[in-house]
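Here is the structure we will look at, set down as C-alpha cells.
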Amino acid sequence: MSYPPRSSIHNQSDDDNHHHNHHNRRLYNPYQDLGIPAKTLYKLPTSPEYLFQEESIAQRRSWGENLTYYTGIGYLAGAVVGAGKGFKQGVNAFEPADSAKIRVNRILNGSGEFGRRYGNRAGVIGLLYAGMESGMVAVRDTDDIVNSVVAGLGTGAVYRAAAGVRSAAVAGAVGGIAVGLGVKGKQVLKRYVPI
C-alpha cells in the first residue's frame, strides 16, 4: 500500500490529523503472505565456501594469495613511510621567498620521490619473503614458525647479497629475528587480546 505524497505546504491541523491517522495505518510487509519469517528467508552461509574439499582443510592462504598480500602490504607500508619522510624533507626545504605553489610543489615532489623509492623496496622485500615462505611450506609440508624465520633469514640475505657477504649475513640475521619476534608477538596478541 503506498501513501500519497504530502504537499510541502501544510498547516498545523493537517500535521495533527496525520499523526492521529498514522496509528490506524499498517506498513506494507512483502513477506506477510509467505508464512515464513523474513529473517530465515535468505539463509546465507557464514563460513567460506570452497570449490574443492582440499581447500577447506588448509588453514592458510595459498602461495598466490600470500605473494599478493605481502607484496601489497610491503609496498603500501613503504610508500606511506616514504611519503612521510618526503613530506618532512619538503617542509625543511622551504625558503622564505617561496610562494604557496612552490611550497606545495616541494612537498609533493619529496613525498612522491621517497614514497615511490621506499614502497618499491618494501614491496620487493615482501615479494621475496612470500616466495620463500611459500617455498618452505611446500618443501616441509607443514606451517610453523620455522618457515617464517627461515624465510626472514633468506629474505634479508638475498636482499642485501649485492652489498657483500657480511652485509647479507647481517641483513639475514636481522630479517630472521624481526620475523621471529613478529610471529611470537602475533601469537601473544591472539592469546591475550580478544578480537
Side-chain angles (χ1 to χ4, degrees), residues 8 44 48-49 55 58-139 143-195:
S8 59
L44 299 175
E49 294 182 9
E55 293 177 336
Q59 294 295 318
R60 67 181 317 274
R61 291 185 289 265
S62 71
W63 70 270
E65 292 169 338
N66 215 15
L67 201 68
T68 305
Y69 176 76
Y70 285 120
T71 304
I73 291 294
Y75 185 85
L76 181 64
V80 168
V81 169
K85 181 178 179 179
F87 180 85
K88 182 180 175 197
Q89 188 173 20
V91 169
N92 290 341
F94 284 172
E95 294 180 6
D98 285 348
S99 67
K101 278 186 173 181
I102 298 293
R103 289 181 179 192
V104 168
N105 192 22
R106 286 185 195 273
I107 290 172
L108 291 176
N109 286 341
S111 297
E113 178 186 349
F114 284 97
R116 186 172 49 251
R117 186 182 305 163
Y118 282 37
N120 286 335
R121 287 179 184 171
V124 167
I125 290 171
L127 182 75
L128 290 171
Y129 176 78
M132 289 189 187
E133 186 187 36
S134 295
M136 287 295 296
V137 170
V139 168
D143 188 18
D144 57 5
I145 191 171
V146 173
N147 294 338
S148 300
V149 172
V150 170
L153 284 165
T155 299
V158 169
Y159 185 73
R160 297 295 296 174
V165 176
R166 181 180 172 143
S167 180
V170 170
V174 168
I177 291 169
V179 170
L181 290 174
V183 171
K184 278 297 181 188
K186 183 179 175 183
Q187 290 172 351
V188 168
L189 191 69
K190 279 185 173 180
R191 179 180 295 163
Y192 295 113
V193 178
I195 297 177

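All residue numbers in this chain count up from 1 along the given sequence. Values below: all heavy atoms of this structure, side chains included; hydrogens, waters and symmetry mates excluded. Nothing here was measured: the structure is a model prediction, and the numbers come from that model.
Counting non-hydrogen atoms of neighbouring residues, nucleotides and ligands closer than 6.0 angstrom, the CZ atom of F94 exceeds 12 such neighbours. For CZ of R106, the number of neighbouring non-hydrogen atoms (other residues, nucleotides, ligands) closer than 6.0 Å is greater than 12.
Considering all non-hydrogen atoms of both residues, A171 and G156 come closest at CB-O, 3.2 Å. The two residues A161 and A168 make their nearest non-hydrogen contact at CA-CB, 3.9 Å. Of all the heavy atoms in M132 and T155, the pair that sits closest is SD-N, 3.4 Å. Here the closest heavy-atom approach between residue Y118 and residue G78 is recorded as CB-O, 3.1 Å. Across Y129 and A151, no two heavy atoms sit closer than the pair CE1-CB, 3.6 Å. Listed here is the closest heavy atom pair of R103 and P96: NH2-O, 4.0 Å.
Interatomic distance, OH of Y70 versus CG of L128, reported as 14.0 Å (0.5 Å rounding). To the nearest 0.5 Å, the span separating CG on L127 from OH on Y159 amounts to 12.0 Å. One distance of note links CD of E133 with CG of D143; it measures 6.5 Å at 0.5 Å rounding. Note that CD1 of I125 and OG1 of T71 are 11.0 Å apart. Values are rounded to the nearest 0.5 Å.
Judged by distance alone, the side chain of N120 and the main-chain N or O of R116 form a donor-acceptor pair under 3.5 Å.
The salt bridge (charged side-chain N to carboxylate O under 4.0 Å, His left out) search around E113 returns R117, not counting sequence neighbours.
Side chains of E95 and I102 form no contact here, defined as non-hydrogen atoms less than 4.5 Å apart.
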